[in-house]
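None of these values were measured; they are calculated from a predicted model. Every chain is numbered from 1 and lettered A, B, ... according to where its sequence line falls, protein lines coming before strand lines.
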6 protein chains.
Amino acid sequence: MSRLAIYPGSFDPPTLGHLDVVARAAHLFDELIVAVGVNSDKAPFLSVEDRLSSLEECVQGMANVRVESFEGLLVDYARRKDCQRIVRGLRAISDFDYEFRVTLANRAMAPEIETVFLITKEEHSFLASSVVREVARLGGRYEGFVPPPVVEKIRKALA
Amino acid sequence: MSRLAIYPGSFDPPTLGHLDVVARAAHLFDELIVAVGVNSDKAPFLSVEDRLSSLEECVQGMANVRVESFEGLLVDYARRKDCQRIVRGLRAISDFDYEFRVTLANRAMAPEIETVFLITKEEHSFLASSVVREVARLGGRYEGFVPPPVVEKIRKALA
Amino acid sequence: MSRLAIYPGSFDPPTLGHLDVVARAAHLFDELIVAVGVNSDKAPFLSVEDRLSSLEECVQGMANVRVESFEGLLVDYARRKDCQRIVRGLRAISDFDYEFRVTLANRAMAPEIETVFLITKEEHSFLASSVVREVARLGGRYEGFVPPPVVEKIRKALA
Amino acid sequence: MSRLAIYPGSFDPPTLGHLDVVARAAHLFDELIVAVGVNSDKAPFLSVEDRLSSLEECVQGMANVRVESFEGLLVDYARRKDCQRIVRGLRAISDFDYEFRVTLANRAMAPEIETVFLITKEEHSFLASSVVREVARLGGRYEGFVPPPVVEKIRKALA
Amino acid sequence: MSRLAIYPGSFDPPTLGHLDVVARAAHLFDELIVAVGVNSDKAPFLSVEDRLSSLEECVQGMANVRVESFEGLLVDYARRKDCQRIVRGLRAISDFDYEFRVTLANRAMAPEIETVFLITKEEHSFLASSVVREVARLGGRYEGFVPPPVVEKIRKALA
Amino acid sequence: MSRLAIYPGSFDPPTLGHLDVVARAAHLFDELIVAVGVNSDKAPFLSVEDRLSSLEECVQGMANVRVESFEGLLVDYARRKDCQRIVRGLRAISDFDYEFRVTLANRAMAPEIETVFLITKEEHSFLASSVVREVARLGGRYEGFVPPPVVEKIRKALA
């Protein structure tokens, strides 16, 4: 059995906390797909293209990681990929109830898929994409919260 | 004093978790009203009519349960019904803070009304209406999350 | 079916928060037993006799409430009493996880017994028996935290 | 160093819980600015002017408190005021995770600014601006939740 | 790199929830050690021998799982085993703060070791060893909470 | 009014997290007493003398901080010191319910005393005295968790 895992998210924008999870998961599994969920209902902060290309730049030194986008339900995407492992990061101050609820709903729909949680670095414990968006929109210094390739995309989005 | 209780919610859509609470509350009180709150500000997923009719179908074997809709504040509705008992379900992973806040606000406005909490079955601990809506909208298998009369209403709503 | 409910606890000592739950539950059910759990393993702060007699004094104006003690498992005691309703108080700052765990364990052992949660008054939200014991042992003014009949028992216990 | 503190919020509307924090903070610091954050993206319930003028009326007996509005990031505003103390209230049932996240993000951007948390009165533990808005919109009695100068502004906003 | 993982615990007694985690982890990793922590300070409920032998019986159909005991610090044991993966189960109602604290302390001492969290089945969400011990000591029916080989050990311990 | 604050705790042992709170509080108030609570019921890990002397060594560069011990109730001690400010640190993963309960109990007994909460550094979010004691007792490397003067006291205590 190939040990492929999927790390799903909206990554809008990708943060240093996301990259910390990517690095941990890449070490844990043979292959990792960072999967950008496309939600056509909501107007995103960064376009799917910008999220994909900045993530690709971020992971280009990691041989076993690739970046994709997906639409629809995560468990359907995972089944199409023949993947039975989902990775999620938990921040000390994350919405744990939300993660639990999603995991159990996924398990009810696809019992063969296991969700694996990793704990992000303490210094990223507050880092959510929503915080970065808020800071960026209010003219604050978001540069310390995101990887360099994302800085440029945010600058463009704000312009 | 007649032991009437109200189980309020938006039930958009009703889930198996809601029905579990209905069954428990019907056993606990002499009479139970399942009360569908109508919020004219938000575009609902299911129409009020579909929520009412599917709930009615679900409870038709329970002699002491009836279904109604109400507008405005819950405590005002309860007072019009001369009812002093509100029932709410708690999931292991529910937004307990939200329930607490609402209960205490209701109590400040209507001290004679008691809110009673029941714990839903473990296998429904993740089941929120929002999860069902999300799964349904993304094309997933929501059929296992809702009672049969609701399946059909969702199918219609998605069409 | 007689609408008997049991409000179990160690009540060591009874607090104003406990009495708030007793009053609410007495209003909600036809008959209420305040059931003092006897745990022979731990040295109590107040003796079982002092807990029972002070609780009896507290509830003597409530016609449908009586006080008992029990040993062993709560669900076995409830079955001996042919009672299918357990009442528990939730403080805004209570150990909700503990309550959930006990309720689900009880349900696994006795599915016919329903646990009903009531929310105590906000001004009692911090009031736990352990807080009273701590304050009393350190020479603090515990008198505002417990009903008058308990004050005297604590004074005796400290002497 | 002047002991100036800022108590920021959207105060939409100001509640009795907010005023409790103002009174506590005014006692703790030499000078206090109640700072109304202006978010041009969201349509507010009360206009900035109504929030400012009702807050001014509320604090007019407190010599060391003044009311201001600010746009943009809180830490940038605090730096312009040469202020290194932010005050926030915690309700027993507040979204503590949210407060933590904001505090740590602010600290990452402005390490010299300390956020100080005070606990509001128990009887205000459920009082959030969102509760007041909801009750007011549904025709409920919000008068007991807000200071008198705010009652009038809400009446106007609903008209 | 060999994909060995350690699932540590005191397993006093092992529960059906523990076995659920073992099965999930055995599926996720090449090799799994179920590691019974020996704490010479506390008098255990089941002896280390009984915990080891009952766990061995439980996992005997799982080719890639073995059972060991360890003393001292978990990270030191993991390093002696040249293992960089620790598995922990999260119940919906688990003491998540405790798990977080231990994980971050372990990471501070051994940054190369990753802790991976799996979510146990909903029907085990209340199942803690402490619940089983309490039920067993009070004469309750613990048989539905533990695997068959453990039932016998508990019976012996109670005798 | 003199701006004296008390930072109480058992400090058994003092950790880097405690010192972070001391530094923040020393910056916030004119004078700070680090107050070591003496509990004659429990056998401590470090003696009161060792806790006092190591804390004194830690704060000797801070002109407005002194170290004391106290017995009995914190609010009684604060009143004897004519102090109306108590400081407590909150870790992202602290037992917030416990802090809330203690603060509200203190407020019920001494309404004039305000408790002020500061948030510790993220990298100390897991650091509790109990973690240090556990690691030290199991032979682990506790040196990175406590200030240098404490290392020596722990070494002595373990010998």
Peer 1: Give a yes or no on this: more than 12 heavy atoms of other residues, nucleotides or ligands lie within 6.0 Å of atom CD of D/Glu143.
Peer 2: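 Count over threshold, so yes.
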
Peer 1: Decide side chain to side chain contact (heavy atoms under 4.5 Å, CB included) for D/Leu90 and F/Leu90; before the verdict, give the C-alpha distance in whole Å, the side-chain angles of both, and the deciding distance to 0.1 Å.
Peer 2: CA-CA 12 Å; D/Leu90 282 180; F/Leu90 283 179; 4.3 Å; yes

Peer 1: Assess whether atom CD of F/Glu56 is packed by more than 12 heavy atoms of other residues, nucleotides or ligands within 6.0 Å.
Peer 2: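 Counting other residues, nucleotides and ligands, CD of F/Glu56 exceeds 12 neighbours.
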
Peer 1: Can F/Leu118 and D/Phe117 be said to form a side chain to side chain contact (heavy atoms under 4.5 Å, CB included), step by step?
Peer 2: CA-CA 7 Å; F/Leu118 306 178; D/Phe117 291 93; over 6 Å; no

Peer 1: Would D/Ile119 and F/Arg107 count as a side chain to side chain contact (heavy atoms under 4.5 Å, CB included) here? Give the steps.
Peer 2: CA-CA 10 Å; D/Ile119 296 188; F/Arg107 186 183 285 176; 3.8 Å; yes

Peer 1: Would you say that more than 12 heavy atoms from the other residues, nucleotides or ligands in this model lie under 6.0 Å from the CD of F/Glu68, or not?
Peer 2: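 Yes - once you tally the heavy atoms of other residues, nucleotides and ligands closer than 6.0 Å, there are more than 12.
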
Peer 1: Hey, could you give me the CZ/NE2 distance between F/Arg85 and D/His27, rounded to the nearest 0.5 Å?
Peer 2: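 One gets 6.0 Å once the value is rounded to the nearest 0.5 Å.
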
Peer 1: F/Thr115 versus chain D, heavy atoms under 4.5 Å apart: side chain, backbone, both or neither?
Peer 2: backbone

Peer 1: Go through the steps to decide whether F/Asp30 and D/Arg3 satisfy the test side chain to side chain contact (heavy atoms under 4.5 Å, CB included), and finish with yes or no.
Peer 2: CA-CA 10 Å; F/Asp30 292 336; D/Arg3 297 199 181 273; 2.5 Å; yes

Peer 1: Can you tell me how far apart CG (F/Leu28) and CD (D/Glu114) are? Round to the nearest 0.5 Å.
Peer 2: 6.0 Å

